[in-house]
Amino acid sequence: QVQFVESGGGWVQPGGSLTLSCAATGPRIDRYSTAWYRQAPGKPREWVAIIRPTGDTTVEDSVKGRFTISRDVAKNTVYLQISNLEPEDTATYYCKELLATNWGQGTQVTVSS
């Protein structure tokens, strides 16, 4: 069973950028779909982006143009690049194999001035 460790979060001013990392241990990341999710305080967890075994990606409409999902198979790591950050992006960000049920610790992103 694949396990992920998220990292790269932090405090950022509005308009800034971050790249989150999702390091996998276990099967290679190009053998399954991996998705990024986020959970803002007091809100349910929501899906934001997915990368499939083929490398095809889909980003949720509300963040399209600002969020980019990518991967480095050699490092067995999936990334989420976030640009032009907004206070509404403040959340804990998680990654997960699409069909898995286990969640990692996530990485906190805080956007404020």
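Note that the structure is a prediction, hence the values are computed from the model and not measured.
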Where do [X] and [Y] come nearest, in terms of heavy atoms and distance?
{"X": "Ser21", "Y": "Thr77", "value": "CB-CG2, 4.2 Å"}
{"X": "Ser83", "Y": "Gly65", "value": "OG-O, 4.2 Å"}
{"X": "Leu85", "Y": "Arg66", "value": "CA-NH1, 3.9 Å"}
{"X": "Ser33", "Y": "Ile50", "value": "CB-CD1, 4.0 Å"}
{"X": "Ser70", "Y": "Gln81", "value": "OG-OE1, 4.2 Å"}

Below 4.5 Å, heavy atoms only, C-beta onward: do [X] and [Y] meet side chain to side chain?
{"X": "Val78", "Y": "Ile69", "answer": "yes"}
{"X": "Val63", "Y": "Arg38", "answer": "yes"}
{"X": "Val109", "Y": "Leu18", "answer": "yes"}
{"X": "Tyr32", "Y": "Leu99", "answer": "no"}
{"X": "Asp89", "Y": "Phe67", "answer": "yes"}

* Asked: So Tyr37 and Trp103, would you call those rings parallel, tilted or perpendicular, with 30° and 60° as cut-offs?
  ->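 Perpendicular: the ring planes of Tyr37 and Trp103 meet at over 60°.
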
Both conditions, 6.0 Å and 45 degrees, for the charged tip of Arg45 above the ring of Tyr94: are they met here?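 Yes, Arg45 lies over the aromatic ring of Tyr94.
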
Distance-only side-chain donor-acceptor flag, [X] / [Y], under 3.5 Å:
{"X": "Ser113", "Y": "Gln13", "answer": "no"}
{"X": "Gln1", "Y": "Asn102", "answer": "yes"}
{"X": "Thr58", "Y": "Arg52", "answer": "yes"}

Could you check whether atom [atom1] of [X] has more than 12 heavy atoms from other residues, nucleotides or ligands sitting under 6.0 Å from it?
{"X": "Glu86", "atom1": "CD", "result": "yes"}
{"X": "Lys64", "atom1": "NZ", "result": "yes"}
{"X": "Glu46", "atom1": "CD", "result": "yes"}

Where the side chain of [X] meets the backbone of [Y], is there a donor-acceptor pair that is under 3.5 Å apart?
{"X": "Gln105", "Y": "Val5", "answer": "no"}
{"X": "Arg71", "Y": "Pro53", "answer": "yes"}
{"X": "Glu60", "Y": "Val48", "answer": "no"}
{"X": "Thr107", "Y": "Gly9", "answer": "yes"}

Practice problem: Could you go through the side chain to side chain contact (heavy atoms under 4.5 Å, CB included) check for Cys22 and Trp36 one step at a time? | Solution: CA-CA 9 Å; Cys22 171; Trp36 279 98; 3.4 Å; yes

Stepwise, does the side-chain hydrogen bond (donor to acceptor under 3.5 Å, both in side chains) test hold for Glu97 with Thr34? CA-CA 4 Å; Glu97 180 192 348; Thr34 302; over 6 Å; no

TODO: Drop me the distance from Leu80's CG to Thr68's OG1, to the nearest 0.5 angstrom.
DONE: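 The CG atom of Leu80 sits 8.0 Å away from the OG1 atom of Thr68.
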
Item to check | Reported OG-to-CG distance for the pair Ser7 and Leu20, which is rounded to 0.5 angstrom | outcome: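 The distance works out to 8.0 Å.
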
### Message
Which residue in the set Asp30, Thr25, Val2, Ile29 passes side chain to side chain contact (heavy atoms under 4.5 Å, CB included) when paired with Asn76?
### Response
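The side chain to side chain contact (heavy atoms under 4.5 Å, CB included) with Asn76 is passed solely by Ile29 among Asp30, Thr25, Val2, Ile29.
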
Worksheet item: Tyr93 and Val12: same hydrophobic cluster, using ILVMFWY side-chain contacts below 4.5 Å?
Response: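 Same hydrophobic cluster.
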
